[in-house]
2 protein chains.
Amino acid sequence: MTEKHDFDLQNFLPYLLNQAAEESSLAFQQVYKDRYGMLRTEWRVLFHLGIYGRMTAKEIGQRSKMHKTKISRAVARLGERRFLTRQQDDRDRRLEYLELTNLGQTAYRDLLGVAKTYDAKLSASLSAEEDRVLRSVLRKLASFDTAD
Amino acid sequence: MTEKHDFDLQNFLPYLLNQAAEESSLAFQQVYKDRYGMLRTEWRVLFHLGIYGRMTAKEIGQRSKMHKTKISRAVARLGERRFLTRQQDDRDRRLEYLELTNLGQTAYRDLLGVAKTYDAKLSASLSAEEDRVLRSVLRKLASFDTAD
DNA sequence: TGTTAATAGTTGATTTTGTAACTAACAACC
DNA sequence: GGTTGTTAGTTACAAAATCAACTATTAACA
């Protein structure tokens, strides 16, 4: 019953992508977890605000494709810990503008440094061409629409 | 306070990989979930047994890098649903050999077909060269060792 | 043989996520 | 102005993942 098969899990793109994603984010995960006790969602929100500046939860959702409940909880936690402030829009009181505090900025800059170094280290294991193709293709796949 | 930054999340490889992995597995996830009510862990165990044949939970763990508790629970559920059988080794009664039942084989073959089609569809959005480089690089990254 | 260590796998408690329903505010239209 | 629909964000509850402690068994070796 030990049939030979022509299919290898390592050749199934979603699986392979997932393995690569998992493996390549392990060490970075360790840093934001150990240094700031953050979750992936929180790190992401922090970076969105650090990179793009003041914005609403909704905008973060549009950019990151994270579900709004994840964002809501991440924002709540980052707020409690004084990494960001929340300010209601007067015109439309459903909107809340999120902005990093100094503490948040500091954490962001720290993690940004780590991220850059880490990304460079990953890149270093690839040729320039591989690196270029990889990023371009990943962007394509990240916006892949599975409609028939 | 809307500083300009030179860093884009889309250029941070772990993030980009994760986005691509998420997006590219959505539609397939829908299939094993809808057709068989399976979780990702269960689908993976099913495929390991389908592809590599009879093996123990430990061996699945080594190949897939899934944590043993995930595997244990996935195996339990697949067992309850008669997708696999469990047989203790007489020599070492800690070991249990897992093997797909006919029902499991059928489900595997069905999902295998879906996976192949799906993978082909993903591939089709890339050039032959992109596809080749992508898979090769992902394999490299999947075994990336983050030791300093 | 008896003690200690290691291994395969399971279970329980806690944390995190996912889904759906909800609140509060605004918009559109009559 | 009052209904109906939409939108931003939150909350409650269920499902799943994580982590640590546990059982049962085998190995190591004094």
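Letters A, B, ... mirror the listed sequences (proteins, then strands); counts begin at 1.
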In whole angstroms, the gap separating C1' of dG9(C) from CD of Q87(B) amounts to 17 Å

Between K65(A) and E22(B) (salt bridge meaning N to carboxylate O under 4.0 Å), is one present in this structure?
no

>> Does T56(B) reach a base, just sugar-phosphate, or nothing at all? Heavy atoms under 4.0 Å.
In response: sugar-phosphate

To the nearest angstrom, the CG-C1' distance between N18(B) and dT17(C) comes to 14 Å

- Answer with base, sugar-phosphate or nothing: what part of the nucleic acid does R40(A) contact at a heavy-atom distance below 4.0 Å? nothing

Judged by nearest nucleotide, the residue sitting upstream toward the 5' end of DNA chain D, A57(A) or R93(B), is A57(A)

Q.
Do N11(B) and R139(A) pair up side chain to side chain, a donor and an acceptor below 3.5 Å, judged on atom types alone?
A. yes

Taken to the nearest whole Å, CG/D92(A) to P/dT7(D) is 12 Å

**Request:** Report yes if a side-chain nitrogen or oxygen of K33(B) is closer than 4.0 Å to either non-bridging phosphate oxygen (OP1 or OP2) of dT19(C); otherwise report no.
**Result:** yes

- Task: Under 4.0 Å between any heavy atoms, over every strand shown, what does R91(B) touch: base, sugar-phosphate, or nothing? Just pick one.
- Result: sugar-phosphate

Of dT7(D), dT18(D), dT11(D), the nucleotide closest to the side chain of S72(A) is dT11(D)

H67(A) atom NE2 is separated from dA12(D) atom C1', nearest whole Å, by 14 Å

From CD of E22(A) across to C1' of dA17(D) the rounded distance in Å is 11 Å

Out of dG9(C), dT11(D), dA25(C), minimum distance to the side chain of R73(A) belongs to dT11(D)

Atom CD of E59(B) and atom P of dA8(C) are separated, to the nearest Å, by 10 Å

Exactly one candidate in F83(A), F28(A), Y108(A) meets ring-ring contact (aromatic ring centres under 6.0 Å, His included) with W43(A); the answer is F28(A)

Side chain to side chain donor-acceptor pair (under 3.5 Å) test vs E96(B) passes for just one of R86(B), Q87(B), Q88(B), namely R86(B)

Separation of dG18(C) atom C1' from Q30(B) atom CD, nearest Å, is 13 Å

By the 4.0 Å heavy-atom rule, please label I71(A) as base, sugar-phosphate, or nothing.
nothing

(request) Identify whether any heavy atom of R77(A) sits under 4.0 Å from a base atom; if not, whether one sits that close to sugar-phosphate; answer base, sugar-phosphate or nothing. (result) nothing

Checking dT19(C), dT7(C), dT10(D) against the side chain of E96(A) (C-beta onward), the nearest is dT10(D)

Sorted by position of nearest nucleotide on DNA chain D, 5' first, the leading residue of Y97(A) and D90(B) is Y97(A)

Practice item. May I ask you to decide whether E80(B) forms a salt bridge with R77(B), counting only side-chain N to carboxylate O separations under 4.0 Å? Key: no

Counting the atoms with a prime plus P, OP1 and OP2 as sugar-phosphate, which does K68(B) contact under 4.0 Å by heavy atoms, base, sugar-phosphate, or nothing? base

Donor-acceptor pair under 3.5 Å, R94(B) side chain vs dT7(C) base | yes

In whole angstroms, the gap separating C1' of dA8(D) from NZ of K70(A) amounts to 19 Å

Between L39(A) and R86(B), the residue closer to the 5' end of DNA chain C by nearest nucleotide is R86(B)

Check your understanding: Any side-chain donor-acceptor pair under 3.5 Å between S123(B) and R135(B)?
Key -> yes

